[in-house]
Amino acid sequence: MSPQQAKSAKTHRVILHLDMDAFFAAVEQLDFPQYRGKPVVVGADPQQGRGRGVVSTASYEARKFGIHSAMPISRAYRLCPNAIYVRGRYTRYQQVSKQVMQILRRFVPTIQQISIDEAFLDATDVVHLYESPLDLGKKIKQAIQSELGLTASLGIAPNKFIAKVASDLDKPDGLTICEPGQEKAFLDPLPIRALWGVGEKTAKKLTDMGFRTIGDIANTPPEKMVALLGNWGLHIWKLANGIDHRPIISHGPRKSISEETTFAEDVGDLETLEQVLCKIADRLSTTMRRKGLKGRTITFKIRWEDFETHTRSKTLPDFINDARILRAVALGLLHNFGRLEKKVRLVGIGVSQLNTMGGEQLSLFAKPKSRQQETVERLLEEMKTKFGEGVVERAMHINREIPEK
Ligand code: TTP
Ligand code: MG
């Protein structure tokens with residue numbers, strides 16, 4: 001890399017914005033093949049044109065009839081009575097959304113999800129692993145297509161604003177790049193509606209003031225924009241000039257998972273605490289397995305009647321989500337406290353150092369069953385040696401019908 005290129009690589013960020021195409025409708029077409037290639041409208045019940053409520057989204061086939069998000073469903077029905085009208089299945093969309101985000105995270109760790117079907121990615125530090133930013137973009141789109149059967153549109157640019165504008169330019173199944181240095185040429189001809197945050201009403205206001213394109217705003221002195229529209233005027237003037245330093249705020253993957261129980265009445269006997277801990281361990285294990293999570297550090301939390309709170313942790317050699325191990329480790333950590341000097345208000349178990357890769361990756365790296373079984377047995381033996389035979393036995397023979405808040 002020449003010094004020039006090195007400098008340029010440092011000064012330009014590579015920001016991606018991904019937005020799924022006709023998301024809810026696309027998931028319906030995915031799950032119900034008979035809907036494919038047809039106008040599908042997700043939203044309220046049209047009730048033969050008398051329905052109240054609005055359109056959530058429409059497939060691209062339905063958009064040809066002029067149907068779009070937020071339109072009254074009755075109007076959509078008038079435009080295309082033969083479309084397939086379905087109610088939303090939000091849990092399913094949420095599930096697919098998670099899968100999309102997991103795929104994105106595999107390519108680029110710095111990701112900021114901004115809605116159910118949209119995310120920003122800062123690929124500055126990983127783009128060198130690919131032939132080019134476009135190559136990275138193609139690979140992400142291909143992964144979503146081949147693994148989920150859905151299309152997405154992607155914008156690549158030196159900042160968030162332009163990446164967002166770019167992802168919308170060639171929908172559906174689009175891939176648009178704005179190279180560094182091309183910001184103004186890219187933005188100038190676009191209509192002001194393309195400016196982020198400019199809705200129908202604002203667009204009309206700006207049009208009435210004589211602004212038609214983003215270039216019209218970019219070429220107006222910033223003082224004039226402030227005089228016309230206050231601080232917001234300066235904000236859109238900066239965007240129109242391709243200036244946007246906002247960082248990608250990555251919440252990152254989940255770092256820990258926990259379950260706890262606060263007792264209706266403070267508890268003074270060890271037996272009850274053991275029983276509750278076992279229940280918590282079972283619940284936590286079920287949630288972890290459902291989410292495809294395994295972790296290495298198990299933390300036991302106890303809050304005494306005077307609200308004093310303590311935690312004790314143990315880090316295991318392997319990633320686990322097995323209820324028996326969670327129980328045994330949590331009970332061992334509880335017994336570390338010795339005799340109960342005070343009553344207990346709350347107990348909980350947390351698991352951190354999670355292996356947060358998606359279910360598929362987990363199974364890819366999963367050990368053969370016999371080896372996993374070995375790990376369980378070894379840990380159980382270890383717990384018995386450390387805390388006595390009773391710890392595991394007690395955990396195994398628990399009466400589960402205990403009152404608990
Ligand atoms: P969008 O990404 O705005 O729309 P879309 O994915 O359906 O279509 P495209 O991106 O290809 O233009 O919104 C994502 C989902 O959010 C959309 O599928 C349904 C839901 N949604 C609503 O329920 N009401 C709305 O008014 C909008 C805009 C979206
Ligand atoms: Mg979308």
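Order of appearance sets the numbers: ligands from 1, and atoms from 1 within every ligand.
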Counting only heavy atoms not in Lys238 (residues, nucleotides, ligands), do more than 12 fall under 6.0 Å from its NZ? no
Kindly confirm or rule out an N or O of Ser69 lying under 3.5 angstrom from an N or O of ligand 1. no
Work out whether the distance between some heavy atom of Ala22 and some atom of ligand 1 is less than 4.0 Å. yes
Distance-only donor-acceptor check, side chains Arg92 and Gln95, under 3.5 Å: yes
Under 3.5 Å, is there a donor-acceptor pair linking the side chains of Arg283 and Thr287? no
Around the Mg ion (ligand 2), how many protein N, O or S atoms are closer than 2.8 Å? 3
Pairing residues for Val54 by the side chain to side chain contact (heavy atoms under 4.5 Å, CB included) criterion, not counting sequence neighbours: none
Please determine if Arg312 forms a cation-pi arrangement with Phe337, meaning its NZ or CZ atom is less than 6.0 Å from the six-membered ring centre and no more than 45° off the ring axis. yes
According to the interplanar angle, ranging from 0 to 90°, do the rings of Trp304 and His310 count as parallel (below 30°), tilted (30 to 60°) or perpendicular (above 60°)? perpendicular
Taking the minimum heavy-atom distance to atom 13 (O) of ligand 1, which of Asp117, Asp173, Thr151 ranks first? Asp117
Just distances here: any N/O of Phe24 and N/O of ligand 1 closer than 3.5 Å? yes
What's the shortest distance from atom 17 (C) of ligand 1 to any protein heavy atom, and which residue and atom give it? Thr57 CB, 3.8 Å
N-O pairing of Glu260 and Arg303 below 4.0 Å: no
Does even one non-hydrogen atom of Tyr60 get within less than 4.0 Å of ligand 1? yes
Close approach of His68 to ligand 1, heavy atoms, under 4.0 angstrom: no
Closest candidate by heavy atom, reference atom 24 (N) of ligand 1, pool Ala25, Ala70, Ser56: Ser56
Of the side chain and backbone of Met20, name the one, both, or neither that has a heavy atom under 4.0 Å from an atom of ligand 1. backbone
With a 6.0 Å cut-off (strictly less than), is the heavy-atom count around CD of Gln34, excluding the residue itself, greater than 12? yes
Parallel, tilted or perpendicular: which describes the rings of Tyr90 and Phe24, with under 30° parallel and over 60° perpendicular? perpendicular
For ligand 1, which atoms have a heavy atom of Phe23 less than 4.0 angstrom away? 5 (P), 6 (O), 7 (O), 18 (O)
Protein heavy atoms near atom 3 (O) of ligand 1, is at least one of them under 4.0 angstrom away? no
Record the part of Met71 in heavy-atom contact with ligand 1 below 4.0 Å; permitted values are side chain, backbone, both and neither. neither
In terms of atom number and element, which parts of ligand 1 are under 4.0 angstrom from non-hydrogen atoms of Arg63? 5 (P), 7 (O), 8 (O), 9 (P), 11 (O), 12 (O)
Does this structure show an ion pair linking Glu131 with Lys138, if we count only N-O contacts that are shorter than 4.0 Å? no
Please determine if Lys164 and Asp19 form a salt bridge, counting it only when a charged side-chain N lies under 4.0 Å from a carboxylate O. no
Would you check if there is a donor-acceptor pair between the side chains of Asp170 and Thr176 at a distance under 3.5 Å? no
